[in-house]
Amino acid sequence: MPVILHDTLSREKRPLLLKPGREVFGMYCCGPTVYGPAHIGNFRTFTLQDVLRRTLEVAGLKVKHVRNITDVDDKTIRGAQAAGQTLGAFTQGWTDKFHADCRALGLLVPHVEPSAIEHIPQQVAMIQALVDRGHAYVAKDGSVYFKVCSCADYGKLTHLDRSKLETQAKNSAGEANDADEYERESASDFALWKSRKPEDGANFWPSPWGEGRPGWHIECSAMSLAHLGATFDLHGGGIDLCFPHHENEIAQSECATGVKGYAAHWFHNAHLMVDGEKMSKSEGNLYTLLQLEAKGFTANELRYVLIGGHYRGPLNFTLAGMEAARPAIAKLERWADRLLALAGFSRADFAAPSSHEVQTTWGRFAPAWDILQEDLNTPGCLGQIFTVVGENGEVSPHQAREDVCGLAKILHALGIVLFVPKPELGVPAAIADLGARRWAAKQAKDFAAADRLRQELTAAGWTMLDRKDGFDLRPL
RNA sequence: GGCGCGGUAGCCAAGUGGUAAGGCCGGGCUCUGCAAAAGCCCCAUGCGUCGGUUCAAUUCCGACCCGCGCCUCCA
């Protein structure tokens, strides 16, 4: 059974299959603009793309995952200037921070992570092709614009009414949509190349039309062409990129190469909300991974939360939701430990299930896998996992081995990690001493003393958890 | 106005033409000197509102009410 996914362009659920004659599934994802810290909304998108890639790989497809870094645009240039840094130094700093977050979240490293600046020749070449083919024109100031009316099926992704394109000279706020692009022939035309302006500082490159810098949309067209070819299998991004970014990408790419069918499948995910509100800096409800970690949450827990809603619907992020992740993951760990013991496996075996003869089986997690493959239903998949976890009854060693293998694979597809080592908490000597004395009192059945010592521990902000053969001390 | 998405228990969130997965919280029980942990059990006659189709609708259709997104550089 292939992975089925909703496609924005056809508005249908369609199977993700290798094209005849091809061996690799090409997947292009719009990456971050590196001008500041990525927030958890950005990571909802990247995490879902990661789950899609993992799911395809578990399903047996060989995937080539390309995710770009946008390191030249208005925001990066402004940010670099405000920071008194070169554009390169500025974007490298934010790129490094982005990568650190990606690692923490367990995002698989893309096979190619192209940067826009490193692909300026390819962008210039594509713009030249568009000019040559009559799909773009050079304005008086040396900027180059894409001629939307030259593209017969412009708007097919978002199902625009072409007759109304011209009326979009104003945006929803009633403001003119012309920005600095006053040389355009039509309000719906968009910039491919922006002529050099004083505020760009040192950030300009030569071109047949004079010095300047690329427009926003062209980078993804050029980089996808360079690394995946004129047509490829899937293109992903946040729902907001649908228009104009992806619409323009299709127009540019198909007009420049003359080949239709730019991306066979469009994968868009809805946005993350925070406490039912749109997440935004002005609302003050914008979270980063670093901020959540400062509150004591882990990246693995954030990942659990981010896949807790279906990708096509908005997900309401709450701190309460973050708090629910830890006990839920702990429940999975306890269950996995029990099954591991029944199966005669260790936790190390769980991390590398492919080494077992049962690697092709899913055990009782076959339904969870089926649900995941059906339009990447991550919350449904999690629900099914817990349904199995909640089942009672005898489990044979053979069944346990199959279950363990199935669970390991499904969690690998989701990217949820069990048994993350927790940093050892340093227990102050005085607290450790109190604990030892209480344990001794308890062993001596001096319960009055034991209770008194427990109270002292509580007063000091610690709690003591008794086991059969010892005790743990934890801060309250 | 155009193109979309959503409204399901205290919170989060799946799903289905035949009367609602799961997680968290909460409650009960078992087990423990105490406490906790753990295990077990319970927790929506109802799925925004009003109509319609149907033997049967939360699920299909229509209208309406809310919330959200995009409509030229926001994942």
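The chains referred to below are lettered A, B, ... by the order of the sequence lines, with proteins before strands, and numbering in each begins at 1. Because only heavy atoms are used, hydrogens play no part in the values below, and waters and symmetry mates are left out as well, while side chains stay in.
Using C1' as the reference atom, B/C47 and B/C29 are 31 Å apart when rounded to the nearest Å. Only the C1' atoms considered, B/C64 is 29 Å distant from B/C55, to the nearest whole Å. For the P atom pair drawn from B/G23 and B/C60, the interatomic distance equals 27 Å after rounding to whole Å. For B/C68 and B/C12, the P atoms lie 15 Å apart once the distance is rounded to whole Å. Across the C1' atoms, B/U58 and B/G18 are found 12 Å apart, a figure rounded to whole Å. Rounded to whole Å, the separation between the C1' atoms of B/A38 and B/A75 comes to 41 Å. The separation of B/U59 from B/G46, taken at their C1' atoms, amounts to 13 Å, rounded to a whole angstrom. Between the P atoms of B/G39 and B/G6, the separation comes to 36 Å (whole Å).
For residues 31-42 of chain A, no pair satisfies salt bridge (charged side-chain N to carboxylate O under 4.0 Å, His left out), with sequence neighbours left out. Residue pairs that meet the salt bridge (charged side-chain N to carboxylate O under 4.0 Å, His left out) test with at least one member in residues 235-250 of chain A, sequence neighbours left out, do not exist here.
Residue A/E293 holds its CD atom at 14.5 Å from OH of A/Y287, rounded to the nearest 0.5 Å. Rounded to the nearest 0.5 Å, atoms CD1 (A/I416) and CZ (A/R303) are 6.0 Å apart. A distance of 11.5 Å separates CD in A/E301 from CG in A/L105, rounded to the nearest 0.5 Å. Atom CE of residue A/M322 and atom CG of residue A/L306 lie 8.0 Å apart, to the nearest 0.5 angstrom. In this structure, CZ in A/F146 is found 9.0 Å from CD1 in A/I218, a value given to the nearest 0.5 Å. Atom-to-atom distance recorded for A/F267:CZ and A/L376:CG is 5.5 Å, nearest 0.5 angstrom.
Of the N and O atoms on the side chains of A/Y262 and A/S224, at least one donor lies less than 3.5 Å from an acceptor on the other residue. A/T47 and A/D50 are not linked by any side-chain donor-acceptor pair at a separation below 3.5 angstrom, with hydrogens and angles left out of the test. For the 3.5 Å distance criterion, the side chains of A/H39 and A/N42 qualify, holding a donor opposite an acceptor.
Between the CZ atom of A/F297 and the P atom of B/C24 there is a distance of 15 Å, rounded to whole Å. Summarising the geometry, the separation between NE2 on A/H217 and P on B/A75 is reported as 13 Å, rounded to the nearest angstrom. If you take CG of A/N269 and C1' of B/C68, they are 15 Å apart, rounded to a whole angstrom. A straight line from CG of A/D472 to P of B/A38 spans 13 Å, rounded to a whole angstrom. Atom-to-atom, NZ of A/K445 to C1' of B/G33 comes out at 7 Å; the value is rounded to the nearest Å. With rounding to whole Å, A/H271 atom NE2 is found 7 Å from B/G69 atom C1'.
In this structure, A/D446 does not pair ionically with A/R437, as no charged nitrogen and carboxylate oxygen lie closer than 4.0 Å. Taking a cutoff of 4.0 Å between a charged side-chain nitrogen and a carboxylate oxygen, A/R438 and A/E456 do not qualify as a salt bridge.
Within residues 94-107 of chain A, no residue places a heavy atom under 4.0 Å from RNA chain B. Heavy-atom distances under 4.0 Å link RNA chain B to no residue of residues 247-254 of chain A.
A donor N or O paired with an acceptor N or O is not found under 3.5 Å between the base of B/A75 and the side-chain atoms of A/R44. Contact annotation: side chain of A/R438 to base of B/G33, donor-acceptor pair present below 3.5 Å.
Partner of A/H246 under the ring-ring contact (aromatic ring centres under 6.0 Å, His included) criterion, chosen from A/Y28, A/W266, A/W216: A/W266.
Picking from B/A75, B/C25, B/C68 the nucleotide with the shortest atom distance to the side chain of A/P327 gives B/C25. The side chain of A/I239 has B/G69 as its nearest neighbour among B/A75, B/C71, B/G69. Candidate nucleotides B/C24, B/G33, B/A75 were compared by shortest atom distance to the side chain of A/T33, and B/A75 ranks first.
Looking at heavy-atom distances under 4.0 Å, A/M464 makes contact with a base. A/N392 comes within contact range of the sugar-phosphate backbone alone, with a heavy-atom separation under 4.0 Å but no base atom that close. Backbone-only engagement by A/R334 is indicated by non-hydrogen atom pairs under 4.0 Å involving sugar-phosphate atoms exclusively.
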Stepwise ring-ring contact (aromatic ring centres under 6.0 Å, His included) test for A/F46 and A/F98: CA-CA 11 Å; A/F46 300 134; A/F98 172 68; 5.4 Å; yes
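With the 3.5 Å cutoff on both pairing distances, Watson-Crick and G-U pairs in RNA chain B assemble into runs of at least 3 at B:1-7 with B:65-71, B:10-12 with B:22-24, B:26-30 with B:38-42, B:48-52 with B:60-64.
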Sugar-phosphate or base contact per nucleotide [nucleotides 5-22 of chain B; S, B, -; heavy atom under 4.0 Å]: S------SSSS-----BS
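Between A/F190 and A/H217, the ring planes lie perpendicular to each other; the angle is over 60°, past the 30° to 60° tilted range.
The residue among A/A328 and A/T463 whose nearest nucleotide of RNA chain B is located toward the 5' end is A/A328. Residue whose closest nucleotide on RNA chain B sits further toward the 5' end, between A/T158 and A/K442: A/T158.
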